[in-house]
2 protein chains.
Amino acid sequence: MTLSGPFALEASNLGKSGRTRARLMDAAVDVFAREGFQAASVNEIARLADVANGTFYVHFRDKDAIAAEVAYGITREIARQIDEAMSQIDGAAERFSFATRQFIELATTQPMWGWVLIRSAWIVPELNHRVETYLSSDLKRGVKQGIFNREIDPFIVDAISSMILSALAARLRGDAGEEAGSRVSELALCMLGFPVSEAKALAWSAITLQDFSTNVLPRAPKP
Amino acid sequence: MTLSGPFALEASNLGKSGRTRARLMDAAVDVFAREGFQAASVNEIARLADVANGTFYVHFRDKDAIAAEVAYGITREIARQIDEAMSQIDGAAERFSFATRQFIELATTQPMWGWVLIRSAWIVPELNHRVETYLSSDLKRGVKQGIFNREIDPFIVDAISSMILSALAARLRGDAGEEAGSRVSELALCMLGFPVSEAKALAWSAITLQDFSTNVLPRAPKP
DNA sequence: GAGAATTTTGGGAGGTTTGTCAATTATAGG
DNA sequence: CCTATAATTGACAAACCTCCCAAAATTCTC
């Protein structure tokens, strides 16, 4: 039996249909991560989910439909998790730095989700868009708090988010270590108008990162 | 007759084989730009180049082979052009800023090349790698000149290059105007340790951008 | 447990893709 | 003009893909 992924775990208390659907989504994550959205085939997703190819079409209209669902599920879960972990943090700069570092640690704990973000972000606009929405809200909070002295518009949000994605990619490839999150966070803070020393202090401060792998989704009840 | 692209012009004085090869490369650029590397099919490239599908395989082993050639051709020409245009500039920061701005103007004058860079950079490693090589050399020059007070390693080069690509994408989509080059250049200079005011001054200084469309490749002789 | 409703199955029609190759056409040198 | 060489062609096998649907299996309800 294939070991079930995050979506399957989450759906373990749903009806049969819901569970199959979730299995397909986990399989899709796997295929998207390995081959990217474009090269992925419905056939392979079904094969990996251990269902007949016809079953796929019972649950999703086509590849785009499952991609949208997967994008939604991934980004929602990541955002929920990060948000919860930093509910106590108020300063926008601290929040940004924490979120960035935590986000990049995704690479260690849920590499497949990371790869999907990297390999499909440019093709499934939903993905990029949602990442940028979350990012944007903390950046704007910073402007309100008078901390970032740079106007926040889609251009700069885009720039920062693609920088973060590139750091995530480096981490996934193994080209960067744990410091990746701090480094990119420092660079971004500089861009936002922070003096180098302050950016460094914030970005490299000791924090406790959540362990995605155990917390991101509710545990499945033991069988 | 299909209007010939840059590669065909460049090859107009070559033998028949060379010209066909070049036509295929221009067609490949077109298809890659529209659909991305993964979704592109050899068939469509051949169709667009107005040759039989078998002809493709005479000139290239497969899609990867032509992608590598195209990547090589595009990056070499862009680099050559930018390099020539800034041969008089010596300061690393000025060079970086000029190159960045000039590079992004590629979006206006050779949008297809721009799209290829955007849509295929993550899939054809050759592309990213070459862009980063050129970028790296000017950044390192800056360190030698004592201008950038930040260690230049692949991580930061990666970060900057993906930021530049995101600006190029915004420009191609029409979401950003002429100012895109200056904006991203300013952001990057901040990251490299420049005080905001200096970064602004450099990034927004008046410069004369080369007109890629007329200069990037030698003119074809009139028939 | 029987019958109804839900879910899954897998074969197949119709299409596209890759890569090959014998046959055809164009080009160039004598 | 004629021939040797180079270049191109297009049909084709084999693989794979999407999407459909009647039949089989499973689950639910009473």
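Treat the numbers as computed from the prediction; the structure is a model and nothing was measured.
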Legend entry - Of residues 27-46 of chain A, the positions that come close to DNA chain D - non-hydrogen atoms, cut-off under 4.0 Å: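 The stretch gives A:Ser41, A:Val42, A:Asn43 as the residues lying under 4.0 Å from the strand, ordered by number.
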Between [atom2] of [N] and [atom1] of [X], the distance in whole Å:
| X | N | atom1 | atom2 | answer |
| --- | --- | --- | --- | --- |
| A:Phe60 | D:dC17 | CZ | P | 19 Å |
| B:Asp62 | C:dG19 | CG | P | 6 Å |
| B:Lys63 | C:dT16 | NZ | C1' | 13 Å |
| B:Leu24 | C:dT18 | CG | P | 13 Å |
| B:Tyr57 | D:dG10 | OH | P | 16 Å |
| A:Arg61 | D:dC20 | CZ | P | 11 Å |

Legend entry - Spacing of A:Arg80 atom CZ and A:Ile82 atom CD1 [to the nearest 0.5 Å]: 11.0 Å
Inset, instruction - Could you tell me whether B:Glu44 and B:Arg47 make a salt bridge, using a distance below 4.0 angstrom between a side-chain N and a carboxylate O? - result: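 Looking at B:Arg47 together with B:Glu44, the answer is no, because their closest N to O distance does not fall below 4.0 Å.
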Legend entry - B:Glu105 and B:Arg101 ion-paired at < 4.0 Å: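 Looking at B:Glu105 and B:Arg101, the cut-off is not met.
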Legend entry - Sidechain-backbone polar pair: B:Arg19 side chain, B:Ala8 backbone, donor-acceptor under 3.5 Å: no
Legend entry - For A:Thr133, all residues meeting side chain to side chain contact (heavy atoms under 4.5 Å, CB included), sequence neighbours excluded: A:His129
Legend entry - With sequence neighbours excluded, residues passing side chain to side chain donor-acceptor pair (under 3.5 Å) with A:Asp175: A:Arg173
Legend entry - Residue pairs, two or more places apart or on separate chains, that pass salt bridge (Lys or Arg N to Asp or Glu O under 4.0 Å) and touch residues 133-143 of chain B: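 Residue pairs with at least one partner in residues 133-143 of chain B: B:Asp90-B:Arg141, B:Arg95-B:Asp138, B:Asp138-B:Arg141.
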Inset, instruction - Could you note down all residue pairs passing salt bridge (Lys or Arg N to Asp or Glu O under 4.0 Å) where residues 151-163 of chain B supplies at least one of them, sequence neighbours left out? - result: A:Arg183-B:Asp153
Polar pairs (N or O, both sides) under 3.5 Å between protein and nucleotides 4-9 of chain D?
| unit_1 | atom_1 | unit_2 | atom_2 | d |
| --- | --- | --- | --- | --- |
| D:dT8 | OP1 | B:Thr20 | OG1 | 2.3 |
| D:dT8 | OP2 | B:His59 | NE2 | 2.8 |
| D:dT9 | OP2 | B:Ala52 | N | 3.0 |
| D:dT9 | OP2 | B:Thr55 | OG1 | 2.8 |

